[in-house]
Amino acid sequence: MSAEINEEKVVPLGEKSEEVPACGILGRHPVLSVVVFALVGIGAGIGLSFWNPETEQEADTKDIVLQWLGLLGDLFIRALKCVVLPLVFINVTLSVVEMMSIGRTSSVAGVTILFYLMTTVIASILGVISILCFQGFFDAGTFEPPSPAYVTLGCNEEGSYMTEGDAGAITCAANTNDTEQSQLFIIDDVSNTFVKTSGGVADDISLSDTFYDGIFTKLVTSNIFVSFVDGNFAASYFFAVFFGVALGRVIFRKRAGADIDSSAIVLLFKEIDEVLILIINWIIMLTPFAVLSLIVKAIGSHEELGEAFGNVGFLMIATILAMVAHFFVVDVGLLWFFTKRSPFPYLKCLIPAQTTAFACASSAATIPVTMRSVMATGQVPETIAKFVVPLGATVNMDGGAIYFPCACIWLAYLNGEEVNAASYILLVILATVGSAGTAPVPSASLVLIITAYNTVFGTTGTPNGFEFILAIDWFMDRLRTTLNVTGDACVSGMVAAKCNMGGGEAGDTGLVTQEVKAHDNVVEVDDNNNDDNGDGESAVKSNVL
C-alpha cells in the first residue's frame, strides 16, 4: 500500500518537470530553435532596413508590411503581459508562505537583496571603467544655436492679428499670405522656457523626483487594484510580500506547525497558479515564431542602420564590453563561486529567456520564461525562483547601471563638459540607486539618463546629441534587458546555493521542496493506515519537518 501511494505522489511531480511547451523538432530542441529563429529574424530585419521608400505610398506600404510581420510578436507580448502580473502576485505570495513554513523567509529575502545590490554596484563600476578606456576617442560636437521662438499675437477682432508694417507701425490685419511673415514676433526667451536644444523625452524631472516617485511612491500604492490595471510591478510585488507574510501569520496563529494547505486561500492560489502556468505554456509554444516576428519588426523599421550606429560607435563598444565583462565577472564568476560547480550548464538553460528578453525588451514580460528556465536547471527550488525572479525584474537593472554612466560621460564630452573623478563617483552612486527605480518596460531609462546628466554636470534641459541616444536605444535597450534577465536568473542560482531550502549540501536544492512534500504525504498516509511501524514513521516525519 505504501509503495503504491509513494508512486502516485512522485510521478506527477516528475511529469510536471519534464513537460515541454512545444511539439515536434521545436519541442526536442527548444534552445536551438529559438536561436535559429532569432538569427533568421536579424537577417530578415537587416534586409528590410535597406528598403528605403521614395514616395509616401511606398512608406505606408512598408509600415503595413512591418505591422503584419510583427503581429505575432505583438500578440505574444500582450498575452504575456496579460498573465504575468497575476502570476507574479500569486507566486510571490505562495513562496513567502512556503518560506515562512520552514522559517527561511528573512534569510532568503536578505540574501536576495544583498546579491542584487552587489551585482548592481559591480555593473555601475564596470560601466565607468569601460567608458574611461574610451574617453580619449570622444570629441566635442558642433551644434547649431537654437532658433528664435516666434509667436503671433491676436487682436480683439476674430481672425485678425497684430501686423508690423514696412515702416515699423503695428496694426491689426487679417491673417493672409501677404502679411504672414510680418505677423511673426520674436520672443527673447531669457529664462530658456521655450528653447529646446535637442529632441528627446521629458526633461523637467529632477533627480529628487526620480527617486521619490520612481522608488518610494512606486513601492507603496494607494490602490492595489489601480496598480494591477496600470501594470505597476513594484507595487504589486511589494504588496504580495506583505500579503504573504500576513497570510502566513494567520495560518500559523491558528495552530503552530499547521500545514499551509489547510488554508483555503493557499489552495485557491495554488489552483490559480496551475491554471496560469498552463496558459503560459500555451503562450511559450509560440516563442520561436514570436522572437522572429519581434526582431524583424524592430530592425526592419529602422533605415540606414550603419549611419545610426556610426554616430555613437564608441559608446556602443564601451557599453557592450562592460556588459561582457559583467557577464563573466558576475554571471559566470560569482555563480561558480557560490555554487561550486561549472556555471555553463546552468547558463545554457537560460538561452530561451535571453532570446525572449532581446526580442521584447521587457524584463517583466520575460518573467514566465525566466522562471521556467531557472527551474529547468534543476538547481533552484520552485519557491526561490518564484520569489527571486519577479523581484529581480523590478529592482535588478544591471544593464541600466552599466549604460547610465556610459551615456552620461559620452554626452558630457560631446557637449564639452568637464569630467573629473567626482563626476565618475557620483555617476556610480546614481546608476546604482537610480536603476532600481527604472520600470521593467522598454526604453524606461531615458528620463533617468537626462536627470543624472543634469545633476552631475549642473545643466538643465535635454543635452545636445541626445537624439543619437534615442536613435540606438531600441538596440541598446534589448542588450540591457538581456543582461538584466541573465542577472536575475544567476542570482536565483546563487541564492539557492546560499540558502539551502532542504538542509542538504549547497547546490543540491533542485527538487528538495517537492521531495519533502512527497515524502511527508507518504508518511502521513502510512500513519492513517495504522502501519506497524507508526512510531518509526512518526520519527521520520519529524525529521523531515
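Side-chain atoms are counted along with the backbone in the values below, which use heavy atoms only and exclude waters and symmetry mates. This one's a predicted model, so the numbers in the text were calculated from it and none came from an experiment.
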- prompt: Name the one of Val229, Ile224, Asn223 that satisfies side-chain contact (heavy atoms from CB on, under 4.5 Å) with Val226?
  reply: Asn223
query: Which heavy-atom pair separates Asp398 from Asn484 by the least distance, and what is that distance?
result: N-OD1, 2.9 Å
field: Contacts of type salt bridge (charged side-chain N to carboxylate O under 4.0 Å, His left out), residue Asp74, not counting sequence neighbours
entry: Lys297
query: What residues, two or more places apart in sequence or in another chain, satisfy ring pair (Phe, Tyr, Trp, His ring centres under 6.0 Å) together with Phe228?
result: Phe89
task: Quick one: closest heavy-atom pair of Leu347 and Cys490, and the distance?
output: CD2-SG, 3.6 Å
query: Do you know which two heavy atoms are closest between Ala235 and Thr221, and how far apart they sit?
result: CB-CB, 3.8 Å
query: What residues, two or more places apart in sequence or in another chain, satisfy side chain to side chain donor-acceptor pair (under 3.5 Å) together with Ser263?
result: none
statement: Taking every heavy atom of Leu66 against every heavy atom of Val296, the minimum-distance pair comes out as CD2-O, 4.2 Å
query: What is the minimum heavy-atom distance between Leu85 and Ser227, and which atoms define it?
result: CD2-O, 4.2 Å
message: Holding to ring pair (Phe, Tyr, Trp, His ring centres under 6.0 Å), I want the full list of residues that pass it with Phe269, two or more places apart in sequence or in another chain.
response: none
message: Among residues at least two apart in sequence or on other chains, which ones pass side-chain contact (heavy atoms from CB on, under 4.5 Å) with Ser124?
response: Ala401, Val428, Ala431, Thr432
Pairs touching residues 324-338 that satisfy side-chain hydrogen bond (donor to acceptor under 3.5 Å, both in side chains), sequence neighbours left out: none
